[in-house]
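Quick notes on the structure that follows.
Just so it is clear, the structure is predicted and the values come from calculations on it, not from any experiment. Reminder, nothing fancy here: chain letters follow the sequence lines and each chain counts from 1.
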There are 2 protein chains.
Amino acid sequence: MTQVPSQLRPPTMADVARMAGVSHQTVSRVLGDHPNVRDETRAKVLRAIEEMGYRRNFSARALATRRTRTLGVVASNTTLYGPASTLFALEEAARAEGYFVSTVSLRELTVRTLSEALDRLSEGGVEGVIAIAPQRSAVEALAGLRHPFPVVAVGTGSGAEVPSVNVDQRLGARLATGHLLAAGHRRVWHLAGPEDWQEAADRTAGWRETLEEAGVEPPMQLRGDWSPLSGYRAGQELAGWVGRGLTAVFVANDQMALGVLRALREAGVRTPQDVAVAGFDDIPEAEFFAPPLTTVRQDFSTVGKRSIALLLDLIEGRTPSGTSSVAIEPQLVVRASTFPYIPQPGAAPG
Amino acid sequence: MTQVPSQLRPPTMADVARMAGVSHQTVSRVLGDHPNVRDETRAKVLRAIEEMGYRRNFSARALATRRTRTLGVVASNTTLYGPASTLFALEEAARAEGYFVSTVSLRELTVRTLSEALDRLSEGGVEGVIAIAPQRSAVEALAGLRHPFPVVAVGTGSGAEVPSVNVDQRLGARLATGHLLAAGHRRVWHLAGPEDWQEAADRTAGWRETLEEAGVEPPMQLRGDWSPLSGYRAGQELAGWVGRGLTAVFVANDQMALGVLRALREAGVRTPQDVAVAGFDDIPEAEFFAPPLTTVRQDFSTVGKRSIALLLDLIEGRTPSGTSSVAIEPQLVVRASTFPYIPQPGAAPG
DNA sequence: GAGGTCATTGTGAGCGCTAACAATTCATGG
DNA sequence: CCATGAATTGTTAGCGCTCACAATGACCTC
């Protein structure tokens, strides 16, 4: 019941035209919503299309128009919340503009894998590519690669030579760190993300700036790899500093914050009474951590829309609306991990 | 430095042929790895290709061969761990077979959205589609829809009229429930997933069977919507049954289990000493819940490979290797939430 | 009623590639 | 030295569509 194998070859526009008693060009006009087609003719054609189950051939159309209306996306770690959300938002935004999205997911972003991915997408006829490339190495690779289509980077930071769209990570870190200072903490410690990630560097920079502006010497900084496990290990180390000046930690993402929370708990350290913890990302689970996590939310939907808009500008040869580097404001979400008040789940906006 | 706008039109095969002093067909042969090309000629052609930065035109090739080598994927909730992992695995498997993947992510799977997605993918020239369609309504919609290409469903359960690939949810539920019974619990309660999800139904069925085979009357069953919040609410209700026969809960996914854990904790109920909790999915965070969560792991990589293999069989007109419904075994991962022993994070396999 | 305009439809030429077949070259053996 | 067949290369005809332009006819104006 699912397929229609009435003929071996699917019907062509000419077949439809013959059936409707018009020329193939008229069929094309109907399909293309051209104004100058008599209603009666249009109806005839539509009826024939319906009856034959005709569908326009993508390849022929693309060949004739020289447009595939397909965008490529290169991503890695697509099972992480951030990249997955970005991917989703990108596809949605692209579809809204009438474009298809062809994805290549990489296990790791190196010059080689990135280059292969771009080659592959090029063979796939994409008109442009979005690279979700948060590692610095990836940005450099991107800048050095030749490709016959425009590329927009997401999450690479704004300093790049490649047009990019970013959430303002530095601002997010300032919000979180500032919030902890405002809550009365003298110093704020920091568990940073991987050195190679631009977003990690930006978050660290925002944290450091905020402390320095407040006249506080930034304490020792730990480093993790985004994983809960690395957060757990860092948390064990942090637990050793409780009572020696540690009262607040800004963790570079929620997953590591989860590990930190667990390590602190196991060490008998209470959150937030003994140590306040703030994260970054606002993953859906963050609200249900023990305790619910204060964190920084990024608007991926906007990231997706802006990225697609920028890429399409580049494809159409338009001057991008604004600069070629877009920054999006993140938002602080305060929950119990930094505050003794425990809100009801579901009450917080998220 | 990134683009090569040396000529307005990108070079064609004929341009390369002219430069190499051969016919365009010879260029095509070189690109197609045809055996009967003299090494010397091949070298000439490759040099010309390199020099001109030539890339074969996707649309022209697809038109001539009548093959786009593109598969479609329809998915919803792609930011959830399961669907995101499946998506990733599908793309990887498709790429390994030389296919492109064009994704359409839906916010909700209804007959209408599904139908639109299939239409759209059809316009995009896909040769086949994978539908990550865990809702029953989606399966029905799929069965009733006409489409000019084969469709393979993932996560729909094996009973469907549509060829499908599934993790054996029932078996997973039996593993978890059996584990709890074996640990000495007299009864196992159950927080089920949304009624409309086949996977939820299968997990519930596995739970119920296991209890019945053990001669135990299944206790009241709660229902959530996969979210931590719904788990939290159910957890509050469950907390009221502690001391009245409730000692173990099998929760239909990890995120709800997270909510349950929090609710129990807030109610002063200890896990696993007072109530053991098992989840389903083994999301990366599960190991770092408080306490680390016993759960059921699904091998998405295998799901991806088998789905693609099945779809390609259908596309090529081959009889699918085996039946048209593939089941994949899940795996129980035991952690502290069902056992008084607390393993070190990182020690558990995952 | 001639001339003009507009709406509507048709015709022909590609888009850049591959498949099928034709033509050429080359090595080999009788 | 030429026939024989294999290896190598070239030629031609589409694949199914859109674009540019031509053709037709209806309608209007003076």
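Residue pairs meeting the salt bridge (charged side-chain N to carboxylate O under 4.0 Å, His left out) criterion with at least one member in residues 85-102 of chain A, sequence neighbours excluded: Glu91(A)-Arg95(A), Glu92(A)-Arg107(B).
A salt bridge does not link Arg69(A) to Glu127(A): none of the charged nitrogens lies less than 4.0 Å from a carboxylate oxygen.
Judged purely by atom type and a 3.5 angstrom limit, Thr70(A) uses its side chain to pair as donor or acceptor with the backbone of Thr68(A). Panel note: side chain Ser307(B), backbone Val303(B); a donor-acceptor pair is recorded below 3.5 Å. In this structure, the side chain of Asn166(A) does not engage the main chain of Ala327(A) through any donor-acceptor pair within 3.5 Å. In this structure, the side chain of His34(A) does not engage the main chain of Asn36(A) through any donor-acceptor pair within 3.5 Å.
Where Val27(A) and Gly21(B) each meet DNA chain D at their nearest nucleotide, the meeting point lying more 5' is that of Gly21(B). Looking at which nucleotide of DNA chain D each of Ala64(B) and His34(A) is closest to, the 5′-most match is held by Ala64(B).
In this model, no donor atom of one side chain and acceptor atom of the other lie less than 3.5 Å apart for Ser102(A) and Ser102(B).
Across residues 36-48 of chain B, Asn36(B), Val37(B), Arg38(B), Thr41(B) each have a non-hydrogen atom less than 4.0 Å from an atom of DNA chain D (numbered order).
Tyr54(B) comes within contact range of the sugar-phosphate backbone alone, with a heavy-atom separation under 4.0 Å but no base atom that close. Within the nucleic acid shown, Arg56(B) comes within 4.0 Å of sugar-phosphate atoms alone, with no base atom in reach, counting heavy atoms only.
Running 5' to 3' along DNA chain D, contacts with non-hydrogen atoms of chain B at under 4.0 Å begin and end at dT8(D) to dG16(D). Of all nucleotides in DNA chain C having an atom under 4.0 Å from a heavy atom of chain B, the first and last in 5' to 3' order are dG16(C) to dA20(C).
Within a 6.0 Å radius of CD in Glu51(B), no more than 12 heavy atoms belonging to other residues, nucleotides or ligands are found.
Rounding to the nearest 0.5 Å gives a distance of 9.5 Å between CG of Asn57(B) and CG of Leu63(B).
Under the 4.5 Å side-chain criterion, counting only non-hydrogen atoms from C-beta, Arg55(B) is in contact with Asp119(A). Counting heavy atoms from C-beta on, the side chains of Ile315(A) and Leu71(A) come closer than 4.5 Å.
A cation-pi arrangement is found for Arg120(B) relative to Phe100(A), the charged atom lying closer than 6.0 Å to the ring centre and inside a 45° cone about the ring normal.
Between the axis at the start and the axis at the end of the helix from dG1(C)-dC30(D) to dG30(C)-dC1(D) there is an angle of 50°, using five pairs per end and rounding to 10 degrees.
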Kindly list each side-chain donor-acceptor pair under 3.5 angstrom involving residues 131-144 of chain B, sequence neighbours excluded, with atom names and distances?
residue	atom	partner	partner atom	Å
Arg136(B)	NE	Gln198(B)	OE1	3.0
Ser137(B)	OG	Asp196(B)	OD2	3.2

